[in-house]
Protein chains: 2
Amino acid sequence: MPSRTVENYLKSILMISINKNCVEVPMGMIAESLKVTPGTATSMVKNLQKEKWLNYKARKGVTLTGSGKKIGMRMIRRHRLIETFLVETLGLDWSEIHEEAEELEHSISDKVLEKLDVFLGNPQFDPHGHPIPSKSGVIRRLSQKSLLDCKVGKKMKIESILDQRTEFLNFAKNKSLMPGNIIKILKYQKIADTVEVQVEKKPKFSLGFNSADKIMVSG
Amino acid sequence: MPSRTVENYLKSILMISINKNCVEVPMGMIAESLKVTPGTATSMVKNLQKEKWLNYKARKGVTLTGSGKKIGMRMIRRHRLIETFLVETLGLDWSEIHEEAEELEHSISDKVLEKLDVFLGNPQFDPHGHPIPSKSGVIRRLSQKSLLDCKVGKKMKIESILDQRTEFLNFAKNKSLMPGNIIKILKYQKIADTVEVQVEKKPKFSLGFNSADKIMVSG
DNA sequence: TTATAGACTTTGATTAATCAAAATTAAAAT
DNA sequence: ATTTTAATTTTGATTAATCAAAGTCTATAA
């Protein structure tokens, strides 16, 4: 019933509110995340409000309603299950699956999606370490601790990577920055805004604060 | 580059020209097969001509160019490979896969499609018995002989089913009218336009001429 | 030959999604 | 208390795909 454009808006808004942990999502972020002009986002959001998928306050931002959240969560589930399928079953590289899933998440029927879920053995996390929402829209809380929040010298387990860009994921893979691996901060250099890290027994390397903040860890 | 609407037009036109064995495809058939009004088909076909995907002669019909045929064939390959995947891998029923594939054929990247092809072991026929075009667009000639062209009493092998409608395929499956099975005409009743048939050792039953003509056979 | 039915084309309108650029507003800086 | 800036909204246009309904052909039947 919702068009694929609507599905994209609701998913993006939900993702922003989860990632930035905010209730009211500002218009600018929506426009940026969907790569449309601000005016387009405003007019679309007004339509979404008419359909009761969200509440919009001019110059404040947007909050999803229950039904809007449901659709958004459904899209996240689809996206992550499809990514898992592409890596596990077809053997695509984890750095190249995002765009694929972005398209397929709109095209697969509920029936096929649930078959896929069973075929994959009800996976709980996608290849980037992100939790896959259940059919009913429940999602495990992801770790709120990034590499930046860690003490120097403490061994941490990488939980997930909060960046979808192919180039970043290629870099991450190259450096073994992948879910499950053990990472340690060797030096914390505030002045240069970098941290020096080591993954498993691999050679050490540096990460900028922005990048380090995208590596979520636990333990 | 071509939109999914364009892909659908070119696929439909190619399918009609293959099935009806005609060079010039009349506008009426195009409109019917795509479920649009005749006026819509006319205006769309004019656009396709501008892009050099076909030649259009007013009140005569349409013939695909080389590039149009290529795109159409690409879509047939995608459709049939996806149908095969849905049945073989995910275990969907062969009568419910057409609509799914109709959507997915536009969404899958070339890369994923070729991975799928390898994963499935380069299948040569889809679950309905239709030949899957090769990557380069070559398609095996399908049997031109339908059940209606057979002698009474002669055992024939079912090659394919030329009807995509869910209800027909459900009926066919129920009666074991599936590729590979052996079928025999018991009686040919021109006056009632029915044939009485038997598949393998199953109970005999009747088929109207129209339906019998959709069961392609060999041997 | 003329009439007519059926196939096809034209015309004018609509819808969803978008952009560019001008106008507005709220917050921050002076 | 102004001014400036940055974010947002408004306005007016555009594009692809569609429909309904009116108009036009052409082949067949009278």
Side-chain angles (χ1 to χ4, degrees), chain A residues 1-13 16-17 19-20 22-64 67-68 71-72 75 102-103 105-107, chain B residues 1-13 16-17 19-20 22-64 67-68 71-72 75 102-103 105-107:
Chain A
M1 207 156 334
S3 69
R4 58 181 59 207
T5 308
V6 169
E7 290 180 339
N8 279 333
Y9 274 78
L10 295 175
K11 186 185 71 165
S12 285
I13 294 166
I16 295 168
S17 78
N19 290 338
K20 309 268 154 157
C22 59
V23 187
E24 247 170 7
V25 178
M27 297 306 294
M29 283 187 178
I30 298 172
E32 194 207 338
S33 128
L34 289 158
K35 298 191 180 91
V36 295
T37 60
T40 301
T42 301
S43 85
M44 193 63 198
V45 151
K46 285 179 175 177
N47 295 334
L48 298 181
Q49 168 154 265
K50 273 196 208 111
E51 304 288 340
K52 302 260 176 63
W53 284 317
L54 50 74
N55 292 302
Y56 162 64
K57 280 194 210 143
R59 305 198 131 91
K60 289 287 172 208
V62 139
T63 57
L64 292 181
S67 66
I71 295 173
M75 298 317 292
E102 206 65 6
E103 180 65 32
E105 64 191 15
H106 306 291
S107 309
Chain B
M1 207 156 334
S3 69
R4 58 181 59 205
T5 308
V6 168
E7 290 180 338
N8 278 333
Y9 274 79
L10 295 175
K11 187 185 71 165
S12 285
I13 294 166
I16 295 168
S17 78
N19 290 337
K20 309 267 153 157
C22 59
V23 187
E24 246 170 9
V25 178
M27 297 305 295
M29 283 188 179
I30 298 173
E32 195 206 340
S33 128
L34 289 159
K35 297 188 180 93
V36 295
T37 60
T40 300
T42 301
S43 84
M44 192 64 199
V45 151
K46 284 178 175 176
N47 295 333
L48 298 181
Q49 168 153 268
K50 272 196 210 113
E51 304 288 338
K52 302 261 177 64
W53 283 317
L54 50 74
N55 292 302
Y56 162 63
K57 279 193 210 141
R59 286 169 214 276
K60 287 285 171 210
V62 138
T63 57
L64 292 181
S67 65
I71 295 173
M75 298 317 291
E102 205 66 7
E103 180 65 32
E105 64 192 14
H106 305 291
S107 309

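None of these values were measured; they are calculated from a predicted model. Protein chains get the first letters and strands the later ones, always in sequence-line order, with residue 1 at the start of each.
Applying a 4.0 Å cut-off to non-hydrogen atoms, the residues of residues 40-49 of chain A that approach DNA chain C are A:Thr40, A:Ser43, A:Met44, listed by residue number. A heavy atom closer than 4.0 Å to some atom of DNA chain D occurs in no member of residues 30-37 of chain A. Of all the residues in residues 5-12 of chain B, not one reaches under 4.0 Å from DNA chain C with any non-hydrogen atom.
For A:Arg4, the salt bridge (Lys or Arg N to Asp or Glu O under 4.0 Å) test picks out A:Glu103, B:Glu103, with sequence neighbours left out. Remark: A:Ser67 pairs with A:Trp53, A:Thr65 by the side-chain contact (heavy atoms from CB on, under 4.5 Å) rule, at least two apart or across chains. With sequence neighbours excluded, the residues forming a side-chain contact (heavy atoms from CB on, under 4.5 Å) with A:Thr5 are A:Ser3, A:Tyr9, A:Met44, listed by chain and number. Here A:Lys20 pairs with A:Ile16, A:Cys22, A:Met29 under the side-chain contact (heavy atoms from CB on, under 4.5 Å) rule; sequence neighbours left out. With sequence neighbours left out, A:Glu102 forms a side chain to side chain donor-acceptor pair (under 3.5 Å) with A:Lys11, A:His79. Every residue two or more places apart in sequence or in another chain that forms a salt bridge (Lys or Arg N to Asp or Glu O under 4.0 Å) with A:Lys57 is listed here: A:Glu24.
To the nearest 0.5 angstrom, A:Asn8 atom CG is 13.0 Å from A:Ile30 atom CD1.
Taking every heavy atom of both residues into account, A:Val23 and A:Thr63 meet most closely at O-CG2, 3.0 Å. The shortest heavy-atom contact between B:Met75 and B:Glu105 is CE-O, 3.3 Å. The minimum heavy-atom distance between A:Ile71 and A:Glu7, with the atom names listed, is CG2-CG, 4.5 Å. Of all non-hydrogen atoms in B:Val25 and B:Ile13, the two that sit nearest each other are CG2-O, 3.9 Å. For the pair B:Pro2 and B:Val6, the tightest heavy-atom approach, listed with the atom from each and the gap, is CB-CG1, 3.6 Å. In terms of heavy atoms, B:Gln49 sits closest to B:Tyr56 at OE1-N, 2.8 Å.
Looking only at side-chain heavy atoms (C-beta outward), B:Arg59 and B:Met27 stay at 4.5 Å or farther from each other.
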Can you give each donor-acceptor pair under 3.5 Å made by side-chain atoms of residues 31-39 of chain A, sequence neighbours left out, with the distance rounded to 0.1 Å?
residue : atom : partner : partner atom : Å
A:Ser33 : OG   : A:Ser12 : OG           : 3.2
A:Thr37 : OG1  : A:Thr40 : OG1          : 2.9

Any protein N or O atoms within reach of nucleotides 21-27 of chain C? Criterion: under 3.5 Å, listing atom names and distances.
residue : atom : partner : partner atom : Å
C:dT24  : O2   : A:Arg59 : NH2          : 2.8

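On the nucleic acid side, DNA chain D contacts chain B at distances under 4.0 Å to non-hydrogen atoms, with the end points of that region at D:dA17 to D:dC25.
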